[in-house]
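What you are looking at is a predicted structure, and each value in this text was computed from that prediction instead of being measured. Every number for a ligand or one of its atoms is a count from 1 in the order of the listing. Values below: every heavy atom of this structure, side chains too, minus hydrogens, waters and symmetry copies. Positions are given from 1 along the sequence.
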Amino acid sequence: MNKFIPLSVPNLKGNELKYVTDAIQKEWVSTGGMYINMFEEKLAEYVGSSCAVACQSGTAGLHLVLLEAGVTAADEVIVPALTFIAAVNPVRYVGASPVFMDCDDTLCMDMDKLQKFIDTSCEMKQGNLYNKTTNKRIKAVIVVHVFGNLADMNKLVLIGKKYNLVIIEDATEALGTYYVGNGKKIFAGTIGDFGVFSFNGNKIITTGGGGMIVGKSGLDHIKYLSTQAKDDELYYTHDEIGYNYRMTNVQAGIGLAQLEQLETFIKTKQNNYELYKQLFEHTKIKLQSFRDDIRPNYWFYSLQLENQNISDTIKQLEANNIQTRPIWGLICDQKPYKQFQTFEVEKARQYQQSIINIPCSSNLTGEDVKYVAKKVGEIYE
Ligand SMILES: *Cc1c(COP(=O)(O)O)cnc(C)c1O
């Protein structure tokens, strides 16, 4: 029996223990300390953003960004149907309503369909976009860069400008993904008005749990909201409702060490992706590709298995000690979201039934990749 090959697990062989030990020895383990500032600075520098604010999770980051964008309970936010639910739940935290969009072949939001939705179902009134079906103002779009790919941000940024929509990039899966524009690397998360990253255990770098917000404008108010909206450190006055969302120094120590290794992780993931691609080349099995005009971070690999029973495949691979999983259930099909509007969700439904994710950890070896490809091949012979 082959050793167990997990889907996506952390890789903590750099300076993690050193920085965490230092934080503990100095007894700075809570929401203050130098590692938080260093992690924020280094991440902002890496993605080319003027500032960054560390928080407890990607979900918390998205919640703060929606508050900062002024999204209220009277508003609607356009979201993808095919994504992890954490991209959508914060819309409900602020009481707003989601409107679900379809994906295109990148698995990210289909911008042409978004335009079609605007053209056929919305109207501009006093500088704001209104949904003619619900009569609500559409205030923002949350776009998700699925599995490390990049959504069509050129189109989305133009749509945002034209219809006065705040563009929020859920870049939780795409830290390190970039394209080159005017000779400059433009990173996922820095193209819209706000970008959010996650450092959950399965992401490309981890802090155990954690997140980071980057943005075009200053993020001081977001930081203020994340630390209980404290106006006076001594007398504890508060002019707003705040949140306890700040990252801890221990987590940031792990994050800083992880960030030092990010490009190495991406290189390994790229090599493993290329190897899978080569091994599946002359088979019926289709490895989902990334856009070819970007440098993806190669976070997750997906196979498209048409006309197959995916749950059988997953079970058979599990019997061979290989962990895989189907893509997410569509958010618009989940109980808390069934009542909200969807617009021509078709492709997302097809992909939902035909995709599985295969092992992709940054400590996966070439031998592991060959074993997985061989077993998948055996199932589909
Ligand atoms: C992981 C993930 C999140 C949430 O991140 P957490 O840090 O776990 O809260 C949000 N959106 C997407 C698309 C994700 O994959």
### Message
Is it the case that the side chains of Glu41 and Asn37 hold a donor-acceptor pair, with the cut-off being a distance below 3.5 Å and no angle test?
### Response
no

### Message
What I want to check is whether the side chains of Asn309 and Ser311 have a donor and an acceptor closer together than 3.5 Å.
### Response
yes

## Note on the structure
Chain-and-number sorted residues having a heavy-atom contact under 4.0 Å with ligand 1 are Ser57, Gly58, Thr59, Thr83, Phe84, Ala86, Ala87, Val144, Asp170, Thr172, Glu173, Ser198, Asn200, Lys203, Gly210

### Message
Is the positively charged end of Lys284 above the ring of Tyr380, judged by distance under 6.0 angstrom from the centroid and angle within 45° of the axis?
### Response
no

Distance flag, aromatic centroids of [Y] and [X], threshold under 6.0 Å:
{"X": "Tyr93", "Y": "Tyr243", "answer": "no"}
{"X": "Tyr298", "Y": "Phe290", "answer": "yes"}
{"X": "Tyr19", "Y": "Trp28", "answer": "no"}

